[in-house]
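Down below is the structure, laid out as structure tokens.
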Amino acid sequence: MNEYAPLRLHVPEPTGRPGCQTDFSYLRLNDAGQARKPPVDVDAADTADLSYSLVRVLDEQGNAQGPWAADIDPQVLRQGMRAMLKTRVFDSRMVVAQRQKKMSFYMQSLGEEAIGSGQALALNRTDMCFPTYRQQSILMARDVSLVDMICQLLSNERDPLKGRQLPIMYSVREAGFFTISGNLATQFVQAVGWAMASAIKGDTKIASAWIGDGATAESDFHTALTFAHVYRAPVILNVVNNQWAISTFQAIAGGESTTFAGRGVGCGIASLRVDGNDFVAVYAASRWAAERARRGMGPSLIEGVTYRAGPHSPSDDPSKSRPADDW
């Protein structure tokens, strides 16, 4: 008699579907100020606890708490607030323009404005950012012309890219904003290669890259982590965990029984899990990671925990895959 039951594959399911209330306990949240702040020269293995907890600074009343609540110039806070508000207003108006058929395509970053702006203000303008299509807040933080951005969206005669890119795939070299690639996860290997080149030249510039939780399932993600670890590339690798990749839940990409930051530790990279809706936490973690990179201590991986409040794109209807009021 066979003592084993038939084998079965495990297919992850989201904790909420249309018509149901989502159980968000899987997010592994903790109170503001609880996560410790290690020295910048910490060994990657000693950040394991930080890859499963959550760096949060602002409590529910908006007060800064804990060791990551470093002194921040009030001017930086004002810049961050302005960048986030500009991003949200710009997104709102461009979505309306897209629905009026003034442009073919637009992707908003509703709810994720702190992730790009917080890190952009923690970096130097000469550092190179390798973003995806939800980090327009980097451009806002660096005061890139809104007129130029709109011309790119419209692909008109003043389009800086001369119609060679899809709308929202900006490229602004003078603002340290590398050309957006529609093939996701390529940003990671591009950023690691750029950072390695900077180190080979003996430069002082570092690189930063962003991908979403879904793109971590791509082979480029793992290749980038290997090269970044082996050669101690001066790079910050950001995983924007907004819970959804088009219509597939983040667990499909491997976020069910572990965290995306935990993968960085396994590859020998110092890793943090950060509240991506907390501007001060994003800024503090980014400064910490940038300091590691500039001092030759190698890469850092930051998982920004947030939520994609809107649809993936104008052609997506998130109410088909998740509760409509989740955000």
Side-chain angles (χ1 to χ4, degrees), residues 35-44 46-47 50-51 55-57 66-73 75-77 79-80 83 114-132 135 137-142 175-178 187-188 190-211 224-225 227-229 231-240 261 264-265 267-276 278-304:
R36 67 184 179 90
K37 184 178 182 179
V40 293
D41 61 350
V42 65
D43 289 335
D46 293 331
T47 62
L50 294 170
S51 69
V55 175
R56 303 177 75 186
V57 173
W68 291 91
D71 291 335
I72 303 179
D73 189 325
Q75 180 61 26
V76 173
L77 294 175
Q79 286 178 300
I115 290 176
S117 57
Q119 187 156 124
L121 291 172
L123 298 175
N124 297 333
R125 194 179 178 91
T126 53
D127 296 328
M128 186 60 75
C129 299
F130 291 76
T132 63
Q135 281 79 53
S137 55
I138 298 172
L139 298 173
M140 302 296 178
R142 294 185 170 180
F177 193 93
F178 199 84
Q187 289 82 357
F188 260 35
Q190 291 165 352
V192 172
W194 193 96
M196 290 172 63
S198 182
I200 291 169
K201 292 190 297 183
D203 209 334
T204 59
K205 302 171 186 175
I206 66 174
S208 183
W210 284 261
I211 61 172
L225 262 59
F227 273 76
H229 159 63
Y231 297 103
R232 295 185 185 175
V235 63
I236 305 173
L237 301 170
N238 298 280
V239 175
V240 182
V265 176
C267 289
I269 296 174
S271 303
L272 307 172
R273 205 164 161 266
V274 177
D275 184 347
D278 183 337
F279 172 85
V280 182
V282 173
Y283 179 81
S286 299
R287 286 186 63 183
W288 180 87
E291 188 70 10
R292 279 181 58 85
R294 295 192 205 283
R295 293 186 179 277
M297 296 168 186
S300 302
L301 187 147
I302 299 176
E303 176 187 347

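Just so you know, residue 1 is the first one in the sequence shown, and it goes up from there.
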Work out which heavy atom in Pro67 is nearest to a heavy atom in Ala35; give both atom names and the distance.
-> CG-O, 3.3 Å
Would you say Val280 and Leu77 make side-chain contact, with heavy atoms under 4.5 Å?
-> yes
Set of salt bridge (Lys or Arg N to Asp or Glu O under 4.0 Å) partners for Asp278, sequence neighbours left out = none
Nearest-0.5 Å distance that lies between atom CG in Leu121 and atom CE in Met140 = 13.0 Å
Within the distance-only criterion (no hydrogens, no angle test), does the side chain of Arg292 pair as donor or acceptor with the backbone N or O of Met297 below 3.5 angstrom?
-> yes
Please report the shortest heavy-atom distance between Leu123 and Ala290, naming the atom on each side.
-> CD2-CB, 4.0 Å
Would you check if Lys37 and Val55 make a side-chain contact, meaning some heavy-atom pair closer than 4.5 Å?
-> no
Are the side chains of Trp68 and Val274 in touch, meaning some heavy atoms are under 4.5 Å apart?
-> no
What closest approach, in Å, do Ala114 and Val282 show between heavy atoms, and which atom pair accounts for it?
-> O-CG1, 3.7 Å
Arg36: what forms a salt bridge (Lys or Arg N to Asp or Glu O under 4.0 Å) with it, not counting sequence neighbours?
-> Asp49
Can Ser208 and Asn238 be said to form a side-chain contact (heavy atoms from CB on, under 4.5 Å), step by step?
-> CA-CA 7 Å; Ser208 183; Asn238 298 280; 3.2 Å; yes
Grab the two heavy atoms, one from Leu225 and one from Gly264, that are nearest each other, plus how far apart they are.
-> CD2-CA, 4.2 Å
Short question: side chain of Ser137, backbone of Ser117 - any donor-acceptor pair under 3.5 Å?
-> yes
Are any of the side-chain heavy atoms of Leu301 and His229 separated by less than 4.5 Å?
-> no
Side chains of Val42 and Trp288 in contact at under 4.5 Å (non-hydrogen atoms) = yes
Is it true that atom CZ of Arg125 has more than 12 heavy atoms of other residues, nucleotides or ligands lying nearer than 6.0 Å?
-> yes
Please test Lys205 against Trp194 for side-chain contact (heavy atoms from CB on, under 4.5 Å), starting from the C-alpha separation and ending with a verdict.
-> CA-CA 10 Å; Lys205 302 171 186 175; Trp194 193 96; 3.7 Å; yes
Hey, does the side chain of Gln135 reach the backbone of Thr132 with a donor-acceptor pair shorter than 3.5 angstrom?
-> yes
Give the intermediate values and the outcome of side-chain contact (heavy atoms from CB on, under 4.5 Å) for residues Val239 and Phe188.
-> CA-CA 10 Å; Val239 175; Phe188 260 35; 4.2 Å; yes
Using a 4.5 Å cut-off on heavy atoms from C-beta on, say whether the side chain of Cys129 contacts that of Arg142.
-> yes
Side chains of Ile138 and Trp210 in contact at under 4.5 Å (non-hydrogen atoms) | yes
Could you walk me through whether Asn124 and Arg294 pass the side-chain contact (heavy atoms from CB on, under 4.5 Å) check?
-> CA-CA 11 Å; Asn124 297 333; Arg294 295 192 205 283; 3.4 Å; yes
So do the side chains of Val192 and Leu237 get within less than 4.5 Å of each other, counting heavy atoms only?
-> yes
What heavy-atom pair brings Leu272 and Ala285 nearest, and what distance separates the two atoms?
-> CD1-CB, 3.9 Å
Nearest heavy atoms of Ala270 and Thr47, plus distance in Å | CA-OG1, 3.6 Å
From Thr126 OG1 over to Asp203 CG, what is the distance, rounded to the nearest 0.5 angstrom?
-> 8.0 Å
